[in-house]
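Comments concern the structure below.
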Amino acid sequence: AQSVTQLDSQVPVFEEAPVELRCNYSSSVSVYLFWYVQYPNQGLQLLLKYLSGSTLVKGINGFEAEFNKSQTSFHLRKPSVHISDTAEYFCAVRSNTDKLIFGTGTRLQVFP
Amino acid sequence: NAGVTQTPKFQVLKTGQSMTLQCAQDMNHEYMSWYRQDPGMGLRLIHYSVGAGITDQGEVPNGYNVSRSTTEDFPLRLLSAAPSQTSVYFCASSYSGGRAYEQYFGPGTRLTVT
């Protein structure tokens, strides 16, 4: 069965510092991985995706993620965060029935 | 292009009442789905549809009904509301096939059942 584990429920960080949000997955089918972002009082929007090819994936707003098959991880990184990055971030994996399975989310709080 | 719209934004129901959450999209997407979001549990799939006239159950379908009579609309019906259905509900749509994972979400409906 497919599953996603987001290891940190909350990540506090100061503005302009680097950040890494961790995601580990379990999958028995070809791995498709995603990060979605949810800004306060809004719906989710796609940040980036890995379907195949280069293991380093770049997304919107300066975020990137690296697919690591040996460690079954897909961590999200940004070298310098802004106040506007404060949001909840969800990692997701494709299920064996072609649905999205979401992790429990990581709340990123950026402080000035 | 309005994207995915949901109404109402907020709703309070008493136990046993019924209601319909509305969802519409103007992107001509074949695939539409309903999720609920609960603290510490992420998003869970309630029902989905791969096209007009076709619906199927997701992970947590009990207590909810859906129908898809047009490509644009995908309403979610709560038959007899229970406090366990207090949640934030999101509708999403996407193209089918290889882009089914690039889902566009509506702004959500926050439902409280007392």
Side-chain angles (χ1 to χ4, degrees), chain A residues 1-10 21-27 29-53 57 59-60 65 67 74 76 87-107, chain B residues 1-10 21 23-25 27 29-51 54-61 87-110:
Chain A
Q2 288 67 44
S3 66
V4 172
T5 302
Q6 292 186 244
L7 299 162
D8 306 296
S9 59
Q10 294 189 68
L21 307 184
R22 298 181 292 168
C23 172
N24 286 89
Y25 69 90
S26 167
S27 178
V29 296
S30 297
V31 177
Y32 291 179
L33 291 159
F34 309 84
W35 277 98
Y36 278 81
V37 59
Q38 183 181 28
Y39 296 105
N41 299 313
Q42 294 185 28
L44 281 72
Q45 63 183 86
L46 182 64
L47 197 57
L48 50 78
K49 64 188 179 206
Y50 171 80
L51 305 182
S52 65
V57 179
I60 60 173
F67 170 58
F74 191 56
L76 181 70
E88 188 143 22
Y89 292 79
F90 292 92
C91 184
V93 67
R94 177 184 74 148
S95 75
N96 58 356
T97 55
D98 282 340
K99 306 296 177 291
L100 280 177
I101 296 174
F102 287 90
T104 53
T106 297
R107 185 171 301 276
Chain B
N1 222 347
V4 179
T5 57
Q6 291 183 239
T7 55
K9 283 189 167 42
F10 301 94
L21 308 186
C23 173
Q25 53 93 8
M27 297 173 282
H29 286 164
E30 301 94 343
Y31 188 95
M32 295 186 75
S33 51
W34 277 101
Y35 294 89
R36 59 178 289 172
Q37 181 180 28
D38 301 292
M41 301 189 74
L43 277 78
R44 293 180 292 168
L45 182 65
I46 304 171
H47 285 285
Y48 65 96
S49 168
V50 298
I54 307 169
T55 64
D56 206 344
Q57 296 181 351
E59 183 186 351
V60 288
S87 186
V88 181
Y89 292 84
F90 289 100
C91 179
S93 72
S94 68
Y95 293 109
S96 60
R99 296 181 65 185
Y101 320 107
E102 298 178 32
Q103 296 198 11
Y104 293 78
F105 283 79
T109 294
R110 188 173 294 273

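Source: prediction; values computed, not measured.
With B/Met32 as reference, B/Gln25 is the one residue of B/His47, B/Gln103, B/Gln25 to meet the side chain to side chain contact (heavy atoms under 4.5 Å, CB included) rule.
A donor-acceptor contact under 3.5 angstrom links the side chains of B/Ser87 and B/Asp38, judged on distance only.
Without hydrogens or angle criteria, A/Ser95 side chain to A/Gln2 main chain gives no donor-acceptor distance under 3.5 Å.
A/Leu46 CG to A/Phe90 CZ: the interatomic distance, rounded to the nearest 0.5 Å, is 14.0 Å.
Of the atoms belonging to A/Gln38, it is side-chain heavy atoms, and not backbone ones, that fall under 4.5 Å from chain B. For B/Glu59, no part sits under 4.5 Å from any heavy atom of chain A, backbone or side chain. Using a 4.5 Å cut-off between heavy atoms, B/Leu43 touches chain A through backbone and side chain atoms alike.
Heavy atoms of other residues, nucleotides or ligands lying less than 6.0 angstrom from CZ of A/Arg107 number 12 at most.
Contact tally against chain B (heavy-atom pairs below 4.5 Å) for A/Glu88, A/Lys49, A/Gln6, A/Gln45: the top residue is A/Lys49. Interface summary for chain B: among A/Gly43, A/Gly103, A/Ala92, A/Gly105, the most heavy-atom pairs under 4.5 angstrom belong to A/Gly43. Per-residue heavy-atom pair counts under 4.5 Å with chain A were compared for B/Pro39, B/Gly40, B/Ser33, B/Gly42, and the maximum is reached by B/Gly42.
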